[in-house]
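The model shown is predicted, which means the values in this text are computed figures rather than measured ones.
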Amino acid sequence: MTLRPLYARLAEARVEEMPFVTKDGFRLGLTRVATDDTDRPAVLLLHGHTASSDMFLLPETRNLVEVLLDAGYEPWLLDWRGSCRLPYNETGRRYTYDDVALYDIPEAVGRIRQRIGTRPLFVVAHCIGALALSMSMTAGLVPGLAGVVAQGVFLTPKLAGRTSLRMTLGSELLRSRIDHVPVDFRTVGFRSRHTLLFALASRKATCPDPTCQILHNSAWGMGASLFVHENLSAATHNRLAELMGPAPVWIWPHLRRIALARSVVRWHHGDDRYRALPANALDQASGIDCPVLLLSGSENGLWLNSQELCHEVLTARQPQLDVTYTEVPGYGHLDMFIGRGAALDVFGHVLDFLGRVGD
């Protein structure tokens with residue numbers, strides 16, 4: 001299996017690709033953006049499900065990797081098994097978020113630490129990347145991080161009622177017919193079993209682009225919105241089919257269980273391979289051993305006010321933790337990283353946090 005190349009226009013000398021195979025046999029992508037300075041603190045970037053490391057490397061805007069490099073950090077990017085640079089959302093073995101928390105993230109952190117030694121290691125995680133990281137952290141699988149920025153969601157996932165309902169109905173009605181929801185209508189056409197999903201996503205849509213409709217107006221048929229439309233540049237909008245990939249329907253039952261529990265809960269019970277993971281990550285939040293910034297857009301149409309809720313719950317239950325919450329006005333979810341103004345409106349909060357906890 002060959003990892004699809006990054007779309008970013010980075011000088012080859014500055015990009016070191018280090019793909020690896022997890023203990024359960026999944027080939028993942030790990031990328032180091034190198035500099036001449038070998039003393040920089042490292043920052044691991046975790047994308048959301050069906051996205052990829054490309055979301056941090058947009059060539060058409062000032063992206064997070066550029067901002068981190070200019071601020072004196074060494075970016076590392078993990079394409080975990082839910083990346084659209086990998087084939088696993090459409091073909092191959094199925095997985096759950098337990099596998100991401102148990103294998104992908106801890107093994108990537110271990111490999112990074114082999115390279116950086118005693119230098120500080122931060123993590124900036126988006127969406128499901130942050131959700132899975134919360135399970136890894138509360139399980140004690142990634143101890144000693146210097147700090148974590150969790151964008152959109154962390155320990156207390158909260159979806160709109162209609163989104164949970166659509167996931168419930170969709171996973172029951174669709175799983176015998178399709179195993180994933182595509183985002184690129186050009187690969188679907190008008191005579192496909194996926195066509196109806198695009199038709200439903202187009203209802204009341206203000207944008208004529210089918211890919212935008214299924215992401216902005218529908219979130220793969222779940223009835224949520226992934227971004228504030230006006231926050232995307234024309235170039236980014238036209239690349240949505242490159243930046244986001246198909247969503248596997250077979251992962252929805254785990255996501256539904258998480259949403260119903262309002263906590264990150266383990267899918268596998270009775271399987272000894274997953275005993276290292278807590279049954280409920282929120283119940284083990286005392287195991288978090290580093291500062292955490294909970295970040296969210298005020299218009300998050302997918303996870304709503306999950307981060308505000310998480311801050312309230314952790315402040316009440318675990319007052320000893322260093323947890324802060326920042327809400328960015330006018331932003332949704334995915335546009336917190338790919339928005340044309342994110343470098344001005346969002347990334348400063350990330351740098352301020354890294355600088356504060358890194359001192």
Side-chain angles (χ1 to χ4, degrees), residues 46-49 51 55 97 123-135 137-138 147-168 215-232 252 254-265 280-285 288 291-319 321-339 341-342 345-350 352-353:
L46 299 177
H47 59 78
H49 200 177
M55 67 176 285
Y97 299 133
V123 181
V124 177
H126 170 70
C127 195
I128 296 297
L131 185 149
L133 176 63
S134 76
M135 182 72 86
M137 294 174 68
T138 54
V148 166
V149 178
Q151 200 294 117
V153 67
F154 192 52
L155 281 168
T156 57
K158 179 182 177 181
L159 296 170
R162 67 179 181 276
T163 302
S164 295
L165 178 61
R166 288 197 183 193
M167 270 199 307
T168 301
L215 294 174
H216 174 259
N217 210 41
S218 175
W220 303 281
M222 293 191 295
S225 180
L226 294 185
F227 51 84
V228 175
H229 194 272
E230 293 74 19
N231 287 346
L232 302 191
W252 286 4
H254 192 190
L255 191 57
R256 178 180 59 184
R257 180 181 292 180
I258 288 170
L260 291 175
R262 291 280 175 91
S263 179
V264 185
V265 293
N280 186 314
L282 185 59
D283 292 341
Q284 302 296 322
I288 295 174
V292 177
L293 170 63
L294 304 171
L295 193 61
S296 180
S298 64
E299 309 304 315
N300 193 322
L302 178 62
W303 297 110
L304 307 181
N305 65 331
S306 292
Q307 296 296 64
E308 182 180 18
L309 173 63
C310 187
H311 183 253
E312 293 174 355
V313 171
L314 290 181
T315 299
R317 295 188 184 183
Q318 307 289 344
L321 298 181
D322 182 353
V323 179
T324 54
Y325 168 62
T326 297
E327 184 176 287
V328 182
Y331 278 77
H333 185 48
L334 183 61
D335 46 318
M336 290 281 282
F337 289 107
I338 71 170
D345 301 326
V346 181
F347 299 162
H349 296 293
V350 176
D352 287 346
F353 172 77

Please name all residues satisfying side-chain hydrogen bond (donor to acceptor under 3.5 Å, both in side chains) with S263, sequence neighbours left out, ordered by chain then number. N280
Close side-chain approach of P291 and F353, heavy atoms under 4.5 Å: yes
Interatomic distance, CG@L302 vs CG@L226, rounded to 0.5 Å, equals 6.0 Å
H254: what forms a ring pair (Phe, Tyr, Trp, His ring centres under 6.0 Å) with it, not counting sequence neighbours? Y97, W267
Working to the nearest 0.5 Å, report the span between SG of C127 and NE2 of H47. 11.0 Å
Side chains of L159 and M222: closer than 4.5 Å at any heavy-atom pair? no
Heavy atoms only: give me the nearest M137-V292 pair and the separation to one decimal. CE-CG2, 4.3 Å
Which residues pass the salt bridge (Lys or Arg N to Asp or Glu O under 4.0 Å) test with D352, not counting sequence neighbours? none
Heavy-atom side-chain contact between V153 and N300 under 4.5 Å: no
When every non-hydrogen atom of M135 is compared with those of A281, the smallest separation belongs to SD-CB, 4.2 Å
Sequence neighbours left out, what passes side-chain hydrogen bond (donor to acceptor under 3.5 Å, both in side chains) with Q318? Give chain and number order. Q320
Between Y331 and V228 the two heavy atoms that sit nearest each other are C-CG2, 3.9 Å
C310: which of T156, T315, L282 passes side-chain contact (heavy atoms from CB on, under 4.5 Å): T156
Residues which pass side-chain hydrogen bond (donor to acceptor under 3.5 Å, both in side chains) with D283, listed by chain and number, not counting sequence neighbours: none
Using the test ring pair (Phe, Tyr, Trp, His ring centres under 6.0 Å), find all partners of H126 that sit at least two apart in sequence or belong to another chain. H333, F337
Could you work out, with side chain to side chain contact (heavy atoms under 4.5 Å, CB included) as the rule, every residue matching H349, not counting sequence neighbours? L295, T326, V328
Reported CE-to-CD1 distance for the pair M336 and I338, which is rounded to 0.5 angstrom: 12.5 Å
Closest contact, heavy atoms only, S306 versus G152: CB-O, 4.0 Å
Taking only residues two or more places apart in sequence or in another chain, which ones pass side chain to side chain contact (heavy atoms under 4.5 Å, CB included) with Q284? T138, P278
About how many Å separate CD1 of I128 and CD1 of I258, when rounded to the nearest 0.5 Å? 6.5 Å
With sequence neighbours left out, the residues meeting side chain to side chain contact (heavy atoms under 4.5 Å, CB included) with S134 are F154, L155, V264
Nearest 0.5 Å please: distance from the CG atom of L309 over to the OG atom of S296. 11.5 Å
Any side-chain heavy atom of L232 sitting closer than 4.5 Å to one from D335? yes
How far apart are the closest heavy atoms of P329 and S298, and which atoms are they? CA-OG, 3.4 Å
Is there side-chain contact between V124 and Q151, with heavy atoms separated by less than 4.5 Å? no
Residues two or more places apart in sequence or in another chain: which of them pass side-chain hydrogen bond (donor to acceptor under 3.5 Å, both in side chains) with E299? none
Could you work out, with ring pair (Phe, Tyr, Trp, His ring centres under 6.0 Å) as the rule, every residue matching H229, not counting sequence neighbours? H216, H237
Please report the interatomic distance CG(L294) to CD(E327), rounded to the nearest 0.5 Å. 12.0 Å
Side chain to side chain contact (heavy atoms under 4.5 Å, CB included) filter on A125, not counting sequence neighbours, yields L46, V123, A130, L133
